[in-house]
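Everything on this sheet refers to the single structure shown next.
Per chain, numbering begins at 1; letters A, B, ... match sequence-line order.
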Protein chains: 2
Amino acid sequence: MATLQLLQSSVLAKGGHFSFSARKQPPWPWRGGVRMGLREDGPSVAVVGVTGAVGQEFLRVLSDRDFPYHSIKMLASARSAGKPLSFEGREYLIEELKESSFEGVDIALFSAGGSISKKFGPIAVHLGSVVVDNSSAFRMDEGVPLVIPEVNPEAMAHIKLGSGKGALIANPNCSTIICLMAATPLHRHAKVLRMVVSTYQAASGAGAAAMEELEQQTREVLEGKKPTCKIFNQQYAFNLFSHNAPIVSNGYNEEEMKLVKETRKIWNDPNVRVTATCIRVPVMRAHAESVNLQFEKPLDEDTAREILKNAAGVVVIDDRSSNRFPTPLEVSSKDDVAVGRIRSDLSQTGNHGLDIFICGDQIRKGAALNAIQIAEKLL
Amino acid sequence: MATLQLLQSSVLAKGGHFSFSARKQPPWPWRGGVRMGLREDGPSVAVVGVTGAVGQEFLRVLSDRDFPYHSIKMLASARSAGKPLSFEGREYLIEELKESSFEGVDIALFSAGGSISKKFGPIAVHLGSVVVDNSSAFRMDEGVPLVIPEVNPEAMAHIKLGSGKGALIANPNCSTIICLMAATPLHRHAKVLRMVVSTYQAASGAGAAAMEELEQQTREVLEGKKPTCKIFNQQYAFNLFSHNAPIVSNGYNEEEMKLVKETRKIWNDPNVRVTATCIRVPVMRAHAESVNLQFEKPLDEDTAREILKNAAGVVVIDDRSSNRFPTPLEVSSKDDVAVGRIRSDLSQTGNHGLDIFICGDQIRKGAALNAIQIAEKLL
């Protein structure tokens, strides 16, 4: 059941034995349809931060998509080192992340936080690995492509596997990925001049421990107890709050500035005007975003809906008569970003404005899936 | 404890004996500071829908503010008629709402849904009552003032108590009240041209039963059970969804159109451009709203903050260094609307734009308090 799966995912990282079954959907027909991950001719892969929420999703997505690999290293902190982990029917031991970990590694998938990426990313690159980094450490660095495969694959076209040259590719922030999956097809058609975004962000963006905290707090509140606040400094259960990222000098928080800056970089458009208000809501693993768009060229809502229906990685859920639109729960553990509430903005004239509502799985397309789609482009 | 109170409020309406203690804060110094509700010279009051979430809050607010009354009638459907109800130390019996209920009633506070208002509102007016109606039944009617006392008290200045002439005054929609409490002081200073609103709306807006459903569903999901969906047609616990109001022909839902139309009427400005996306979030009784404003005249964020600090019924919570901003939980059962995240909008130039984040108690300022403030203006 979806609801159970939703909550269970928050306790997967509690340690002990990790197990990943090969959930084969949707099938990804890799080179002629041979569906087996472990292959002589596949790249050597390393997963950095394998015990985290995104790390675990990396494994699920690799398996779901039959990502080919010659070998796979499970890397984490010393705390988890030595623990067993089952993946695609084989037993692995989690290894401690070290400078030498990347010898012989072709593709390193990083999701262990910005400081780990800053320290070990360049080491991996120096040793010839292509690093796909899920942290914000390198996203705005000039030489580092910031890639959503459906949006700007060309940004990483110069990076080749097996050239012996290492490279960094950055995975955008989850809110940016989910927003631009829906906004880009419309942008290509009518050019977005300005975008006003309000987010409804899930616990998972703050990691597996935050998901556990939401679950624990909710139980406590229902039992009449004082909620335990460790990850966040205030009650999260039955509440919401401004995103916990630090506020920068202009009054925006860092999460909001990621939406502003990453959109400009991904669209290669320094002039696109973006504002965002990022809010954390008591939802487990999928984000929602209310997005108001202003276009250079007119774009009516029916055309917009058709464009979105035909966009890769996007599903339109926009049933006005039955009041059925995207929800975070419905997109949880799904690959596609869902878009609905597509309508001409009453506050703009001449079909130059649209309001849309987007939901996407934060851990999957917002992080692990996007990173592995980047890795697939390298094959 | 706030969290307990939060959840207990959802089970207050379960029937049986209703009890309201006189929680005396803040003291409302009525005519020389005598603090006693029941007075010979007070008006005769009727509360229509007294067993509902807003009906109960009517009583709490009347008591908190020492609203003077000569007598008070507790009206509800036949289902609740005959049940005892304690209020300010006296015992009442809930009476069935009938056409004759309004004989001798000076002020009738309605919150029993639009169809009850449509049927009984005109009857009460005919019998000489001033009806303060919390439903949407008459809000957009030309002769009916739509009032937020801090915003447009002049709209009801012609309505007098004791003139023998009945009248209707409409209470705006909760989202509109909460939004305009913060937007109006800024509008007066710099004139709002356009407003983009995204809401984070609590269960209480759909009534006490919806609050119970959220609580029940949350327990069920945590126990691994299938959530019971009666009020809403989908899972609400750990989820969010587009507001359940019907969608109208332009693709907006009725809740969004209330924000659009009511703002124009309350501001007496048919040209103000408003768009809104209304979303229901798993929070009990306070709404949040992310509001992007575009002004005719420049308005910097420091001036805006000062204006809001001095606005009646508004409290500013805007501590960037400790990341402390308004939350629904913090404003629950409070009178004031809280505003924070006040910042110049990066996507607009020349200080012509601001982003703000507003929280307000849906049942209190969003409904009961505003209605009773209207009634106070009649005294």
(Q) Which atoms of A:Ala245 are under 4.5 Å from chain B, going by heavy atoms: the side chain, the backbone, both sets, or neither? (A)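 Just its backbone gets close to chain B.
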Q. For A:Val281, is it the side chain, the backbone, both or neither that has a heavy atom under 4.5 Å from a heavy atom of chain B?
A.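 Just its side chain gets close to chain B.
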Q.
Please give me the minimum heavy-atom distance between B:Leu346 and A:Val274, naming the atom from each residue.
A.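 Smallest heavy-atom distance, with atoms named: CB-O, 4.2 Å.
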Q: Taking all non-hydrogen atoms of both residues into account, name the closest pair between A:Leu214 and A:Pro282 and its distance.
A: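 Shortest heavy-atom contact: CD2-C, 3.7 Å.
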Side chain, backbone, both or neither: which part of [X] has an atom under 4.5 Å from a heavy atom of chain A?
X: B:Asp355; answer: side chain
X: B:Ala276; answer: backbone
X: B:Thr349; answer: neither
X: B:Ser344; answer: backbone
X: B:Ala203; answer: neither
X: B:Asn292; answer: side chain
X: B:Glu220; answer: neither

With a 4.5 Å cut-off on side-chain heavy atoms, are [Y] and [X] touching?
X: A:His243; Y: A:Ile279; answer: no
X: A:Met195; Y: A:Val291; answer: yes
X: A:Lys191; Y: A:Asp269; answer: yes
X: B:Gln235; Y: B:Val221; answer: yes

Tell me, out of [options], who's got the most heavy-atom pairs with chain B below 4.5 Å.
options: A:Ser347, A:Gly251, A:Cys359; result: A:Ser347
options: A:Leu193, A:Asn244, A:Asn233; result: A:Asn244
options: A:Asn250, A:Val272, A:Ile356; result: A:Asn250
options: A:Gln234, A:Arg341, A:Glu301; result: A:Arg341
options: A:Pro328, A:Ala288, A:Ala286, A:Ala202; result: A:Pro328

Lys/Arg-Asp/Glu bridge criterion (N-O < 4.0 Å) met for [X], [Y]:
X: A:Arg194; Y: B:Asp345; answer: yes
X: A:Arg285; Y: A:Asp361; answer: yes
X: A:Glu223; Y: A:Arg219; answer: no

Q: Take A:Ser198 and B:Phe357, measure what side-chain contact (heavy atoms from CB on, under 4.5 Å) needs, and give me the verdict at the end.
A: CA-CA 10 Å; A:Ser198 295; B:Phe357 186 65; over 6 Å; no
Q: Can you check whether anything in residues 314-327 of chain A gets within less than 4.5 Å of chain B, heavy-atom wise, and list it by number?
A: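 Within residues 314-327 of chain A, near chain B: A:Arg320, A:Ser322, A:Asn323, A:Phe325, A:Thr327.
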**Q.** B:Gln362, B:His287, B:Glu289 screened by side chain to side chain contact (heavy atoms under 4.5 Å, CB included) with B:Gln201, the one that passes
**A.**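 With B:Gln201 as partner, side chain to side chain contact (heavy atoms under 4.5 Å, CB included) holds for just one option, B:His287.
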Q | Axial cation check for A:Tyr236 ring with A:Arg280, 6.0 Å and 45° limits | A |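 No, A:Arg280 and A:Tyr236 do not form such a contact.
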Q. OG1 of B:Thr184 to CD1 of B:Ile266: how many Å apart, nearest 0.5 Å?
A.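 CD1 of B:Ile266 is found 7.5 Å from OG1 of B:Thr184.
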Q: Give, for atom CZ of A:Arg305 and atom CD1 of A:Ile342, the distance between the pair rounded to the nearest 0.5 Å.
A: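 The CD1 atom of A:Ile342 is 5.0 Å from CZ of A:Arg305, to the nearest 0.5 Å.
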Q: Can you label the angle between the B:His187 ring and the B:Trp267 ring as parallel, tilted or perpendicular, going by 30° and 60°?
A: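 Parallel: the ring planes of B:His187 and B:Trp267 meet at under 30°.
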Q) Do B:Thr275 and B:Tyr252 have side-chain atoms, one donor and one acceptor, less than 3.5 Å apart? A)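 Checked: B:Thr275/B:Tyr252 side chains pair up, N/O donor to acceptor below 3.5 Å.
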Q: With chain A as the partner chain, list the residues of residues 255-265 of chain B whose heavy atoms fall under 4.5 Å from it, by residue number, and write 'none' if nothing qualifies.
A: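 Under the 4.5 Å heavy-atom cut-off, B:Glu256, B:Met257, B:Val260 qualify.
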